[in-house]
Colleague: 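This is the structure I have questions about; it appears just below.
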Amino acid sequence: MSELALEELSALAAIYCEPDGCEVLAVSETHGITFRIQISVKELLDTDVLLKLLFHLPVNYPSTLPDISVSSDQLTRAQCTDVKDKLLEQAKKHLSEPMVHNLILWLQQHLKCVIKQSATVCHEKTTLSKGKSTEDGIWMLLLHLDHMRAKAKYIKTVEKWASDLRLTGRLMFMGKIILILLQGDRSNIKEYLILQKTSKVDVDSSGKKCKEKMISVLCETEVQAQQKRFQTFEVKEYSRLDELQKEFEAAGLTTLFSEFVPPLLK
């Protein structure tokens with residue numbers, strides 16, 4: 001892991017030291033560092049916008065760009081995506097040097113402009129998207145969860161993430177098997193995976209909130225022409241394996257089922 005990244009994280013924790021200002025979510029020698037920074041920024045109408053910025057610094061950061069996720073209850077999903085894209089553009093200018101604090105300072109100075117531009121081009125993007133195939137750039141993710149202790153809360157969280165990231169698919173229960181099948185833009189698929197791995201989405205045996213540590217990525221691939229798109233995200237329970245198999249077959253995912261689901265029963 002980069003010594004520069006660890007030093008930068010220490011500096012950020014000192015700068016954003018207020019409650020919930022800087023939260024370290026994961027530190028790994030093999031996967032890098034993941035942390036969340038919360039800031040308040042004045043927007044167009046001089047109202048405070050609370051932004052949550054999720055950064056993942058790979059092991060070879062800052063030679064490699066960080067992964068960034070942006071969320072805010074006061075901005076639309078499209079606006080958050082535009083903010084993230086602008087931050088990544090700025091990040092390219094700081095490659096090979098610690099950049100997170102510079103990115104945050106840039107955002108505090110330019111959020112008004114980004115939001116204004118987002119509103120201006122929104123109609124243009126909508127018009128252009130109508131002329132494109134809905135299958136362009138659509139990816140699929142199949143996850144296996146070991147268990148859910150706080151099932152109702154867990155389900156609600158997964159549904160919210162899928163809605164926020166415009167992902168469709170299924171959360172499927174069959175006996176002890178728990179599967180999450182998602183379809184959507186590849187960037188949103190990656191963002192979902194970061195949320196799934198770094199958020200306190202369940203509780204441990206003592207009832208304390210905890211992160212999902214027993215998750216397996218069974219498959220991450222581009223949706224093929226013969227495979228159908230799910231139109232919604234639904235939570236479904238199946239009493240038998242053949243019922244679960246029919247769900248996959250109806251979406252043209254017979255091979256996916258055969259390769260990954262039966263081995264889970266062993």
Colleague: Are the side chains of Leu253 and Gln245 in contact, using a 4.5 Å heavy-atom criterion?
Modeller: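 SC-SC contact between Gln245 and Leu253 ruled out.
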Colleague: Identify, with sequence neighbours excluded, every residue that meets side-chain hydrogen bond (donor to acceptor under 3.5 Å, both in side chains) alongside Asn60.
Modeller: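 Per chain and number, Asn60 pairs via side-chain hydrogen bond (donor to acceptor under 3.5 Å, both in side chains) with Thr64.
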Colleague: Determine the minimum heavy-atom distance between Asp202 and Ala150, stating which atoms define it.
Modeller: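 Smallest interatomic distance, heavy atoms only, reads OD1-N, 2.8 Å.
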Colleague: Measure across Leu171 and Phe173 and return the closest heavy-atom pair with its distance rounded to 0.1 Å.
Modeller: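 For Leu171 and Phe173, the tightest heavy-atom pair comes out as CG-CE1, 3.7 Å.
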Colleague: Is the closest side-chain heavy-atom distance between Arg149 and Ser205 below 4.5 Å?
Modeller: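 Sidechains of Ser205 and Arg149: in contact.
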Colleague: Given side chains that start at C-beta, do those of Leu87 and Trp106 come closer than 4.5 Å, heavy atoms only?
Modeller: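 In short, these two side chains touch, coming nearer than 4.5 Å.
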Colleague: Evaluate the side-chain proximity of Ile33 to Leu6: yes if any heavy-atom separation is below 4.5 Å, no if none is.
Modeller: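 Yes - at least one pair of side-chain heavy atoms lies under 4.5 Å apart.
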Colleague: Within the 4.5 Å heavy-atom criterion, are Pro66 and Met99 side-chain neighbours or not?
Modeller: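 When only atoms from C-beta onward are counted, Met99 and Pro66 do touch, with a gap below 4.5 Å.
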Colleague: Is the shortest heavy-atom distance from the side chain of Met174 to the side chain of Glu243 under 4.5 Å?
Modeller: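 Sidechains of Glu243 and Met174: no contact.
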Colleague: Just wondering, do Leu53 and Leu107 contact through their side chains at under 4.5 Å, heavy atoms?
Modeller: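 Yes, at least one pair of side-chain atoms sits under 4.5 Å.
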Colleague: Using distance alone, with no hydrogens and no angle criterion, decide if Ser206 and Asp204 have a side-chain donor and acceptor under 3.5 Å apart.
Modeller: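 Yes, a side-chain donor-acceptor pair sits under 3.5 Å.
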Colleague: Tell me whether Leu111 shares a hydrophobic cluster with Leu50, the cluster being built from Ile, Leu, Val, Met, Phe, Trp, Tyr side chains joined at under 4.5 Å.
Modeller: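 Cluster IDs for Leu111 and Leu50 differ.
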Colleague: Return yes if a side-chain donor-acceptor contact under 3.5 Å exists between His147 and Tyr154, otherwise no.
Modeller: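 Checked: His147/Tyr154 side chains show no N/O donor-acceptor pair below 3.5 Å.
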Colleague: Taking the side chain as every heavy atom from C-beta outward, state whether Leu181 and Leu256 have any atom pair closer than 4.5 Å.
Modeller: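 They are in contact (side-chain heavy atoms under 4.5 Å apart), so the answer is yes.
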Colleague: Show me the pairs that pass ring pair (Phe, Tyr, Trp, His ring centres under 6.0 Å) and involve residues 50-97, at least two apart or across chains.
Modeller: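 Only Phe35-Phe55 qualify under ring pair (Phe, Tyr, Trp, His ring centres under 6.0 Å).
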